[in-house]
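The chains referred to below are lettered A, B, ... by the order of the sequence lines, with proteins before strands, and numbering in each begins at 1. What you see is a predicted model; the values in this text were computed from it and never measured.
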Amino acid sequence: MSEPARDTRFLRRTLTSLSGILIWAAHFGLVYGVQHVACREGAGWTGFVKPVIYLATVLAAALMGLVAAKARSWLAPDDPGAPDVSIFLRAVTHILLVLSLFGVLATTASAVLLPTCGALR
Amino acid sequence: MSEPLSPVPRPEGEEDELLRIWATPKGWRLPTAVNNTVIGLLYLGAAFVFFVAAGILALIMRTQLALPEQELVSQDLYNQMFTVHGTTMMFLFAVPAMEALGVLLLPQMLAARDLPFPRLSAFAVWAYVVGGTVFFLTIFIDLAPAGGWFMYPPLTLMEYQPGDNADFWLLGIGFIEISAIAGAIEIIVGVLRTRPPGMSLDKLPIFGWAMLIFAGMIMVAFPAVILATMLLEIERAFGWPFFTAELGGDPLLWQHLFWFFGHPEVYIIFLPAAGLVSMIVPTAARKPLVGFNLIVVALIATGFFSFGLWVHHMFTTGIPGLSLAFFSAASMAVAIPSGIQFFSWIATFAASERKIEFNTPTLFVLGMLFIFLIGGLTGVMVAMVPFNWQAHDTYFIVAHMHYVMIGGMVFPLFATFYYWVPIVGKRRLSERLGRWSFWLIFIGFNVAFFPMHISGLMGMPRRVWTYPAELGVGPFNLVSTIGAYMIAAGVLVFIIDLVRNFRVGEGGQDNPFGAGTLEFLPQDVYSTRSIPHVSSRYPLWDDPDLPRSVAAGEQYLPDAPTGGRETIVTSAIHAKPQYIVQMPGPGWTHVIAAVFTAACFLLLTVKIVVPAMLCALVAVGAVLTWVWSIDKGPDAGPVSIGGGITLPVYVTGPISHGWWAMMVLWVVAGSLFIAFVFSYLYLWTVSPEVWLAGREFLPQLGWPLGAGVLMLGAAAVMRLSRRALPSPGERNLLAPLAVLAAASLAGAGITAEIYGHWTSGLRPTASSYGAMVYLGAILTAQLVLAIAIMSGFCAARVLAGKLDRVRWASLENTSLLLYYTTAQFLIALILIHGFPHVMGGAP
Amino acid sequence: MKRGACFLACLALLAGCAGEQSAFSATGEEAISTLRLTWILTIGSVLVFLLVIGALIAALGRPGALRQRLADPRMVTLGGIVFPMVVLAILLIYSFALLRAGPASAGAAPLNIAVEGKQWWWRVTYSDTPGGPVESANELRIPVGETVRLELTSADVIHSFWVPAYAGKVDMIPGRTNALTLKVTAPGIVRGQCTEYCGGAHALMAFRVIAMPPEEFAAWLEREAAPAEQSLPGEAEFLRAGCGACHTVRGTPAEGTAGPELTHVASRQTIGAGILQTTPENFRTWLDRHREIKPGNLMPEYEFLSAAEREAIATYLEALE
């Protein structure tokens, strides 16, 4: 019985292509979680919120830069018998990185412009 | 024109055999059908009936509101009506209609013979039809829920809604949860693994992409509402205080969970519809979609960003301004993908070399663009926090959300009806009636909903059965009511068109609109005569000879080598042929399972417990009977599909479609568990004092350690049981014993966890802490119960000689579920027994 | 700015939007700035709408240079990504600026008033009164030009406090205390209503807010704090019928708290939580038919009382000024 063709590196290709938006999701979850818990816990905690957010933003941007630089090699075709989807996946990766970066920066802008806790009403 | 992949002419009688294998059962056996066109039509038809029924409720409500201070409808009935209207439109119409289109159209677009789990979708559809009908009928007997489609506690707790009404809501939702998850599994595996050879991801039609994202979103969003409904039902039935503030619960927990589902839900409905538009526009323009890659990114980005919007619905709850700002920012980010899609559609129209023909599908698409654009712009408005504070829960939002939903989903759906009817019907629908229908609905819609923007800001709140004349919104409401009747007239014209022109069957033109995608290939009950090799996004445009070649059987798999229903499974990214999947045909088991599942839930709702349990037993029995026959084994041997390709007909492991379905289930179960972890930690932030008090009841360390070891032992024994399997054709006793031992160990593990808490004096009704602790155990216990049933099933199959070293898919799936359960249980143990030690606070 | 305001007022008039429960007739500071935002957003939306629909019409029209340019994939990037990013970024920053400018600017010690939502009416407590908190119901009086801090809570299910002329809504959630800071710029009477669906008579849960000059407010609060006049005609029937089990009339044995406080009920604009104008006739109507007027409300029906007894109670209520 012939061995059926395996799909090469499905997980790696998928995660690379989605990395921008996954970084956004992680950043968003972290930022909202830290702020929510700190504001509930009150004094002593709230001072950490903004530094954490800025640090997370720098980290997210750096990771996105890394993916942008490495996407070509991570997505390179490795099966000459299969259709070449690397151009498509690279395009998806890069455009998603741009949109996700906007998302991350918009989140960060909130932290720059508004006080950490308080309902503001 | 390339060489035929399969030798022609095809042997005499080959097509007759295909027709026989794929024949639709006739007469009273029709309910046993599982073919995607039959099931898809039933699904879509039922959804449309619910659309009309909920629309009639809307008309009655609009009549009541036409003038101030009318008394046509009583307060109680009105409250039930808007609850049923919203619930039906969201859960019984919008989501099912989109899943139905997936079931109906995806196999045709992918030139697959069927989706990979036909009975699963048939089961989901029957459960939905029965459950949905019962839910809707409650409005006629004063048993309908009256808590709004969002069912906020504490209003929906026993204290304020003592009757069974609210439970009927939970029942209705339960069915949609089941059928949505089943549909998601079907669609993800279908899109990723049953594409025609050569259709790599960059050639997948946009509707396929949209459905893939749709199903992915369901996997993550629905578990949140499943958990929410579990919590609410448990609190209603047993008094575990998840939402009761005095005992450490929080009404806002419901809102977080509900909107974590509810906001993505809007996009779950919109994305497939946008995908449909992305299919129709290129056909209208006779040009490929401009910016294909951008559209794919737009769909993915929408799918993710929409999960960062849920607090958008909670801007007025008094949570910190910065939290609101985060969600306001995400609301901005999610607007960009819509912009991409708009300009891509415009560009595609502009690229056309001819004058655009304004036929009915195109008109509905243009109507969608007009209306959804307004909905999108008001969406940006309500994403602005201060504006939201005014607009929230007023008729401004009623206007906004109908612009988004009707514009974003109903208009594309009508376009779809007119565009895709030729692939299931004998002839097209009427262009003349179609135009009448379009203009009535389009004008009526704007007349009905545009004035609501103004009446809302003038002070008209949502969900009111009456309003005083002094509000000054009477004229606006009268205009809205007139518009509502125009919409109804438009829908009526469409129904007349259906009655006059819609006949299921083959015949007529195959490709009346000159589309470029595979669903317009010549079709019969077996789908396409042969499965084409795809090398572009619009194969019918790029190879005008393809329809003839496909129909002549020159492409892949023109025959039925295993003698049963089958289709080609290809690799997820590159679509390289991997194996032939054998699929089940018509049967009663899934119908019985669906009906008795429905009966079980229904009886539980009205608290008739023993018959309900009997129904559950019948349902489980039916499912087991059904599953017993589907693992057919490798008997037919490798077969040739043409083009010099020979494929196996039975595989296990990471390339099998069953394994992929289990991975989807992992994600679903994982999402449910993450929603639980969120709820646990969230309630701790709300009521840390309850957690501090609960710390006193933590069991000795021996309990969680013992429970964890037992569960790990279960996983290890299950792993070893594979080695104990007999060779093909033989049976033994060791393997069944090992499998059952694994299940018993798992049962012992979860029992130890529950018993440990019980002996240390913790009670789930005492505080939200206790409720959360026991809930964590329940989430694992239900998985263990499933594993126990599956293990018994596996043991029986070994004894029957149907499970061996090669043919072991049943055991593989059981093992995969147990591995997941073990991981979830260990994490839960660490959280439940570890977190109270590290959370801080004075002892 | 003057001309802008005039333009807005004209538009509002055009739309016939001068009602008393309208976000268009804003007289509170928050509502005024939100109304400005509303118009900016509306005008912006109209412009974007015209732009996109214009592009669509051009795309559908006669082939030509414009249509060719629209078909360029770069247009998708420009119109679909760059343009919205710029516009949305500006909007976002503007709305954050508005949020930030919220009540933080209010300064000085505010006047505290507690409002509790209950199925289906409002308990109002003037917390800062010299002689101790003064309770009232279904009507809120506030001094013009002063900062008022409302403390919003719920006794049962979730309600939402909304006075569109003054500010956006704030939910009242069991187990939580929310706050809303108001600063009203002009005297007048406006209407407010519950905007979170709270079951049964949600549609009939309204109230009035009366903004008065500070000195008038002080005088009114002093009167409000005083007990009711003793031994008014009908008081005996009122007490004998058991009204005091749920209602308080200060200065009498009636000390119930389940229903609205009634000490000065006749001096309020409305009865039944904003449902009926306060007139002698309406007190009788309410006692006779309150289950029809406000279905599902929790007050028992009083058919067992004779017409004369109901008449006496109505007379008593209209005397509670």
*Asks:* Looking only at heavy atoms, what is the nearest atom pair of B/Gly456 and C/Trp162, with distance?
*Replies:*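 Looks like O-CH2, 3.8 Å.
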*Asks:* Can you name the residues that form a side-chain contact (heavy atoms from CB on, under 4.5 Å) with C/Ala71, not counting sequence neighbours?
*Replies:*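 B/Ala350, B/Ala351.
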*Asks:* Just to be sure I understand the criterion: a residue of residues 286-298 of chain B counts if one of its heavy atoms is under 4.5 Å from a heavy atom of chain C. Which ones qualify?
*Replies:*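 Interface residues of residues 286-298 of chain B: B/Val290, B/Leu294.
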*Asks:* Answer yes or no: is there a side-chain heavy-atom contact under 4.5 Å between B/Gln390 and C/Thr38?
*Replies:*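 A side-chain contact under 4.5 Å is absent here.
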*Asks:* Can you tell me how far CZ of B/Phe349 sits from CG of C/Leu60, rounded to the nearest 0.5 angstrom?
*Replies:*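 These two atoms lie 5.5 Å from each other.
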*Asks:* Does the side chain of C/Pro174 reach to within under 4.5 Å of the side chain of B/Glu246, using non-hydrogen atoms?
*Replies:*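 No; the side chains remain at least 4.5 Å from each other.
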*Asks:* Check whether any side-chain heavy atom of B/Met381 lies under 4.5 Å from a side-chain heavy atom of C/Leu37, and answer yes or no.
*Replies:*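 A side-chain contact is absent here, since even the closest heavy-atom pair is not under 4.5 Å.
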*Asks:* Should C/Met85 and B/Ile336 count as side-chain neighbours, where that means a heavy-atom distance under 4.5 Å?
*Replies:*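 They are in side-chain contact.
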*Asks:* Under a plain distance cut-off of 3.5 Å, with no hydrogens placed, do C/Glu30 and B/Trp389 share a side-chain donor-acceptor pair?
*Replies:*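 Side-chain D/A pair, B/Trp389 to C/Glu30: absent.
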*Asks:* Just so I know, are the side chains of B/Val385 and C/Ser95 near enough to count as touching, which here means a heavy-atom distance under 4.5 Å?
*Replies:*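 They are not in side-chain contact.
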*Asks:* Under a 4.5 Å heavy-atom cut-off, does chain B meet the side chain of C/Gln68, its backbone, both or neither?
*Replies:*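 For C/Gln68, no heavy atom lies under 4.5 Å from chain B.
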*Asks:* Measuring only between side-chain heavy atoms, which start at C-beta, is C/Met75 closer than 4.5 Å to B/Ile346?
*Replies:*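 No, too far: nothing below the 4.5 Å cut-off.
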*Asks:* Of all residues at least two apart in sequence or in a different chain, which pass the side chain to side chain donor-acceptor pair (under 3.5 Å) check with B/Ser344?
*Replies:*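 Side chain to side chain donor-acceptor pair (under 3.5 Å) list for B/Ser344, sorted by chain: empty.
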*Asks:* Return the minimal non-hydrogen interatomic distance between B/Pro251 and C/Ile173, and the atom names on each side.
*Replies:*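 Taking every non-hydrogen atom into account, CG-CG2, 4.0 Å.
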*Asks:* Compare every heavy atom of B/Gly321 with every heavy atom of C/Leu99, then report the nearest pair and how far apart it is.
*Replies:*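 Looking at all heavy atoms of both residues, the closest pair is CD1-O, 4.4 Å.
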*Asks:* Does the side chain of B/Gln75 reach to within under 4.5 Å of the side chain of C/Lys294, using non-hydrogen atoms?
*Replies:*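 Side chain of B/Gln75 against side chain of C/Lys294, heavy atoms only: no contact under 4.5 Å found.
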*Asks:* Show every donor-acceptor pair shorter than 3.5 Å between a side-chain atom in residues 326-335 of chain B and any protein atom, with sequence neighbours excluded, or say none if there are none.
*Replies:*
unit_1   : atom_1 : unit_2   : atom_2 : d
B/Ser328 : OG     : B/Ala383 : O      : 2.7
B/Ser331 : OG     : B/His312 : ND1    : 3.0
B/Ser331 : OG     : B/Phe327 : O      : 2.6

*Asks:* Do C/Tyr197 and B/Tyr152 have ring centres separated by under 6.0 Å?
*Replies:*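 No.
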*Asks:* Answer yes or no: is there a donor N or O on one side and an acceptor on the other, between the side chain of C/Asn178 and the main chain of B/Thr317, under 3.5 Å?
*Replies:*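 Yes, the answer is positive, given that a donor and an acceptor are paired below the 3.5 Å cut-off.
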*Asks:* Scan side-chain atoms only and decide if C/Asp171 and B/Thr316 contain a donor-acceptor pair under the 3.5 Å cut-off.
*Replies:*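 Judged by distance alone, the side chains do pair up.
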*Asks:* Among B/Leu155, B/Ile356, B/Leu252, B/Thr378, which residue forms the greatest number of heavy-atom pairs with chain C at distances under 4.5 Å?
*Replies:*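 Heavy-atom pairs under 4.5 Å are most numerous for B/Leu155.
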